[in-house]
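Convention: sequence-line order gives letters A, B, ...; per-chain numbering from 1. Note that the structure is a prediction, hence the values are computed from the model and not measured.
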There are 2 protein chains.
Amino acid sequence: MTFEVPAHGAKPVSRIRQKNEETIIKAAEDEFARHGYKGTSMNTIAQNAGLPKANLHYYFTNKLGLYVAVLSNIIELWDSTFNTLTAEDDPSEALTRYIRAKMEFSRRQPQASRIFAMEVISGGECLTEYFNQDYRAWFQGRAGVFQAWIDAGKMDPVDPVHLIFLLWGSTQHYADFATQICRVTGRTRLTKQDMEDAGDNLIRIILKGCGLKPAI
Amino acid sequence: MTFEVPAHGAKPVSRIRQKNEETIIKAAEDEFARHGYKGTSMNTIAQNAGLPKANLHYYFTNKLGLYVAVLSNIIELWDSTFNTLTAEDDPSEALTRYIRAKMEFSRRQPQASRIFAMEVISGGECLTEYFNQDYRAWFQGRAGVFQAWIDAGKMDPVDPVHLIFLLWGSTQHYADFATQICRVTGRTRLTKQDMEDAGDNLIRIILKGCGLKPAI
DNA sequence: GTCTATAGGATGATAGAC
DNA sequence: GTCTATCATCCTATAGAC
């Protein structure tokens, strides 16, 4: 268990506040993923969190504030998955690891993926802070890793930027479109095995498509 | 110009009704794509359509009715793009054509793609009619085309079902996540050229990844 | 810190004149 | 078929007692 050490001058975060905020954010995540920002009411979140509605406003002032808190939470998770690749890595191994990590994310955090997707689809106004200069630089850095591999003759000269979109689109699809996938394949939900099969398939096609030998 | 020939006993569809319904659906599409179902108000749609709010209710009774009408419209477009592949086709040519068609759809009908995506992400309750037995059979048929190619030794033994999800996910990403793509690449919008480059890249990687020689 | 009661605003829907 | 005026509902947010 870790203690919150408040910065000098900042208010200490009480144990009870931390716990309640977590409960509320969790409940909010489920609702926002299912019904979008507007489609979610503070009332429903309060019920799912087992707290009176006024408490949500006590902790988060606004509905928008709560939503942004949920989004920030998601983005922390997002970033943590994103920095596994370096130019020194073996391309096959690194790409395999990355695809597995993204599929694992789609499996374990589908709501997070969906909230992020809905936010981006509807213009992503709450993500302007996130989609800033740093983000663009970070993205160029990621693309640079692929470019380094290409320049070293380790993989085909594909467009690194579009390769990243291919990786994102194909892996996130399993979280965001799970409903459609289940309907079409006659499943009620996607099992761990389903997701691993999907990941293996992506790894096989994308690696070969980039002129890489499978690392497995 | 085609005339609407009403079925026996059905009400004739007046010229003015047809025109107004089109105007309303178009305005509704823009709003639903941008703000989702709940986030869209009949008031705003009416303003964008240049009609008084009460007219919307005259033509569509419900907000839900209007939304379903918009969705149906989208699904017609959807289906028309989906039946280009047959087992007799050359796999490389057919896949190339299919990816191009999907990218063209993402370019020309991004709102349609986004509305469909948001509906699926949030559970797709309005699509239960669409996601029916026929849909599943149709999907199996599509997968069967790939399986036939595999059985004939024309391509690698990839999982046909997951290949379809790869095609869908990677192409739709360019419509649904256009905001993120623009932010990250420093564009204000995706041009026709951007989309063609993206399509070419997908074609190169996916065809090679399935053991197919490029058809171009 | 917690919770009830309620203000204040927006929205879907309809009645009814034209 | 068109449009104004209005109702009823729901939701965010806050005041104020405990």
Could you give the CG-to-C1' distance, from L56(A) to dA13(D), as a whole number of Å?
11 Å
Report the distance from atom CD1 of I45(A) to atom C1' of dC11(D), rounded to the nearest whole Å.
12 Å
Which nucleotide in the list dG12(C), dG1(C), dT2(D) gets nearest to the side chain of K63(B)?
dG12(C)
So, OP1 or OP2 of dA13(C): does either fall under 4.0 Å of a side-chain N or O from T61(B)?
no
The side chain of A54(B) is closest to which nucleotide in this list: dC3(C), dA15(C), dG1(C)?
dA15(C)
In whole angstrom, what separates Q47(B)'s CD from dT4(D)'s P?
13 Å
Expressed as a whole number of angstroms, how long is the span from E21(A):CD to dG1(C):P?
9 Å
To the nearest Å, how far apart are K53(A) NZ and dT12(D) P?
7 Å
Measure from CZ on F32(B) to C1' on dG12(C) and round the result to the nearest Å.
12 Å
Compare the minimum distances between each of dA13(C), dT2(D), dT2(C) and the side chain of I16(B), then state the nucleotide with the smallest one.
dT2(D)
Rounded to the nearest angstrom, tell me the gap between atom CZ in F60(A) and atom P in dT14(D).
15 Å
Specify the separation, in whole Å, of atom CD1 of I24(B) and atom P of dG1(D).
12 Å
From C-beta outward on Y58(B), which listed nucleotide comes closest to its side chain: dG1(D), dT2(C), dA13(C)?
dG1(D)
Under the 3.5 angstrom rule, does the side chain of E119(A) hit a backbone N or O of E125(A) as a donor-acceptor pair?
yes
May I ask you to verify if any side-chain N or O of N20(B) is less than 4.0 angstrom from the OP1 or OP2 atom of dT2(D)?
yes
Hey, does Y59(B) reach any base, or is it just sugar-phosphate, or nothing, if we go heavy atoms under 4.0 Å?
sugar-phosphate
Using the side-chain heavy atoms of N62(B), tell me which of these nucleotides is nearest: dA13(C), dT14(D), dC3(D).
dA13(C)
Taking every heavy atom of T40(A) against every heavy atom of E31(A), the minimum-distance pair comes out as OG1-O, 3.1 Å
Would R183(B) pass as a cation-pi partner of F177(B), given that its NZ or CZ must be under 6.0 Å from the six-membered ring centre and within 45 degrees of the axis?
no
How is T40(A) classified with respect to the nucleic acid when contacts are heavy atoms under 4.0 Å: base, sugar-phosphate, or nothing?
sugar-phosphate
Expected output: side-chain N73(A) to main-chain V70(A) donor-acceptor under 3.5 Å
no
If you check the H57(A) side chain, which of dC3(D), dG12(C), dA13(D) turns out closest?
dA13(D)
Taking the side chain from R100(A) and the backbone from G199(A), do they hold a donor-acceptor pair closer than 3.5 Å?
no
Considering just the side-chain nitrogens and oxygens of N43(A), establish if one lies under 4.0 Å of OP1 or OP2 belonging to dC11(D).
no
